[in-house]
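Structure first, commentary second.
Being a predicted model, the structure only gives us computed values, none of them experimental. Every heavy atom of this structure was used, including side-chain atoms; hydrogens, water molecules and symmetry mates were not. Ligands are counted one by one from 1 in listed order, and the atoms in each one are counted from 1 as well.
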Amino acid sequence: TIGPRVTGTQAEKKSAAFIASQMKKSNLKVSTQTFSIPDRLEGTLTVRGSDISSRPAAGSAPTSGKGLTAPLYDAGLGLAGDFTEEAKGKIAVILRGGLTFYEKVKNAEDAGAAGVIIYNNADSLVPLTPNLSGNKTGIPVVGVKKEDGEKLLTEREATLKLKSIPNQTSQNVIGVRKPKGIKNPDIVYVTSHYDSVPEAPGANDNASGTSTVLELARMMKNIPTDKEIRFITFGAEEIGLVGSRYYVSKLSGQELKRSKANFNLDMVATSWENASRLYINTPDGSANLVWELSKNAAANIGKDVLALRKGGSSDHVPFHDAGIDSANFIWMEPGTESLEPWYHTPYDTIEHISKDRLKTAGQI
Ligand code: BES
Ligand code: ZN
């Protein structure tokens with residue numbers, strides 16, 4: 001009932017508290033690790049008094065409190081040559097494609113534009129979120145759907161209001177289970193992220209992985225082990241693996257040496273028919289301990305569903321970068337390696353969850 005768990009929000013914190021309470025029931029030693037995240041942007045785009053659904057780009061400048069009201073300027077693809085003197089002080093409306101988002105904004109800024117709206121070049125369920133590749137811009141930048149961009153080109157002016165929300169934090173929830181009577185045991189990490197993107201309830205991305213982590217902790221509560229198992233759910237994955245990077249950066253040299261494997265679960269329960277293969281994504285595409293163990297486990301339960309693939313984009317990457325064998329588990333379409341159509345949309349709901357796939361991923 002919490003709904004979207006956007007990084008840095010109260011909803012994300014509420015989720016963290018819920019996860020911690022569940023972990024405690026499984027007799028884990030639970031701690032919450034808080035860290036700061038970049039300022040979050042929030043705002044609106046309006047034309048003649050009505051709202052147009054938009055997404056601010058991370059790294060965009062905010063507007064003044066009363067917003068930026070300015071004429072619109074059709075800047076094509078946003079090439080340097082698309083801007084004339086006319087662009088000065090206006091909000092440039094730019095079509096996606098050709099250049100990177102940042103290059104488009106840079107050209108607009110150099111030409112004296114006061115703001116940028118980038119519209120998608122294909123139909124999408126949600127507005128485009130321009131990715132500025134870690135750059136900051138001096139003017140406000142938002143993304144919109146293709147149809148809304150085309151509509152804007154027929155309008156005279158628009159109002160952009162973006163405010164920056166400072167001093168934000170997110171948190172990782174860590175549940176540790178230590179083996180009895182073993183000194184300096186090997187460490188195995190079972191992880192997921194629990195934050196979601198704005199407007200997406202995040203059932204598959206990634207309540208699926210998070211519920212699997214919690215269920216594994218519960219089922220293994222009374223099963224003896226010679227390993228230290230760390231069940232961790234990360235915050236701030238969706239803004240660039242910020243929680244997992246922070247966690248790994250705080251591991252001591254001794255802990256790193258004991259760390260043997262990271263099983264990361266991200267999108268393990270889609271009901272999208274085509275996503276019939278459970279991919280084991282390793283950041284460099286090569287087989288490692290996680291792949292070998294998973295392959296054996298799948299064979300043991302007679303489930304021929306796994307494939308090894310090169311893939312980052314989730315919290316296994318910082319573990320790999322620290323020299324720990326790691327992989328992400330994710331259902332995708334064989335051949336095309338496509339994700340479900342509901343990915344990062346309001347349609348990522350429990351109706352689109354397959355219990356069967358959730359179970360298979362958890363069993364392996
Ligand atoms: N669960 C997704 C996507 C994903 C795709 C994970 C393929 C693993 C394999 C993840 O939460 C996500 O959206 N990641 C971002 C990148 C991240 C660094 C912000 C993405 O893929 O765009
Ligand atoms: Zn995810």
For this session: List every atom of ligand 1 that sits less than 4.0 Å from any heavy atom of Gly240, numbering the atoms from 1 in the order shown and giving each element.
Result: 18 (C), 19 (C)

Exercise. Does any N, O or S atom in Asp266 come within less than 2.8 Å of the Zn ion (ligand 2)?
Worked result: yes

Seminar exercise, completed: Atoms of ligand 1 under 4.0 Å from any heavy atom of Asn281, numbered from 1 in the order shown, are 9 (C)

For this session: May I ask you to decide whether Glu199 forms a salt bridge with Arg55, counting only side-chain N to carboxylate O separations under 4.0 Å?
Result: yes

For this session: Flag the pair Asp356 and Lys359 as a salt bridge only when some basic side-chain nitrogen lies within less than 4.0 angstrom of an acidic carboxylate oxygen.
Result: no

Seminar exercise, completed: If we number the atoms of ligand 1 from 1 as shown, the ones under 4.0 Å from a heavy atom of Gly312 are 8 (C), 9 (C)

Exercise. Just which atoms of ligand 1 are under 4.0 Å from any heavy atom in Leu241?
Worked result: 18 (C)

Exercise. Charged N to carboxylate O under 4.0 angstrom, Glu255 versus Arg258?
Worked result: no

Exercise. Name of the His193 N, O or S atom nearest the Zn ion (ligand 2)?
Worked result: NE2

Problem set entry | Protein contact of atom 6 (C) of ligand 1 - nearest heavy atom, named by residue and atom, plus distance | Ser313 O, 3.4 Å

Problem set entry | Element-labelled atoms of ligand 1 that are located less than 4.0 Å from some non-hydrogen atom of His193 | 11 (O)

Exercise. Which atoms of ligand 1 have any heavy atom of His344 under 4.0 Å away?
Worked result: 13 (O)

Exercise. Between Lys295 and Glu292, is the closest basic N to carboxylate O distance under 4.0 Å?
Worked result: yes

For this session: Using modelled atom types only, decide if a donor and an acceptor are shared between the side chain of Trp331 and the backbone of Val268 within a distance under 3.5 Å.
Result: yes

Problem set entry | Atoms in ligand 1 flagged as close to Asp266, the criterion being non-hydrogen separation under 4.0 Å | 1 (N), 2 (C), 6 (C), 10 (C), 11 (O)

Problem set entry | Test item: Asn107 side-chain N/O and Gly78 main-chain N/O as donor-acceptor pair under 3.5 Å | yes

For this session: Distance to 0.1 Å, residue and atom name: give those for the protein heavy atom nearest to atom 22 (O) of ligand 1.
Result: Tyr343 OH, 3.7 Å

For this session: For residues Asn204 and Met267, determine if any side-chain heavy atom of one lies less than 4.5 Å from a side-chain heavy atom of the other.
Result: yes

Exercise. So do Ser192 and Thr212 actually touch side chain to side chain, heavy atoms under 4.5 Å?
Worked result: no

Exercise. In terms of residue, atom name and distance, what is the protein heavy atom nearest to atom 2 (C) of ligand 1?
Worked result: Asp205 OD2, 3.6 Å

Exercise. For ligand 1, which atoms have a heavy atom of Glu237 less than 4.0 angstrom away?
Worked result: 10 (C), 11 (O), 12 (C), 14 (N), 19 (C)

Problem set entry | Identity and separation of the nearest protein heavy atom to atom 5 (C) of ligand 1 | Ile330 CD1, 3.9 Å

For this session: Could you tell me whether any N, O or S atom belonging to Asp205 is less than 2.8 Å from the Zn ion (ligand 2)?
Result: yes

For this session: Without swapping roles, check the side chain of Ser271 against the backbone of Ser354 for a donor-acceptor pair under 3.5 Å.
Result: no

Problem set entry | Protein heavy-atom partner closest to atom 8 (C) of ligand 1 - residue, atom, separation in Å | Asn328 ND2, 3.3 Å

Exercise. Are Val176 and Ile229 co-members of a hydrophobic cluster defined by side-chain heavy atoms under 4.5 Å apart?
Worked result: no

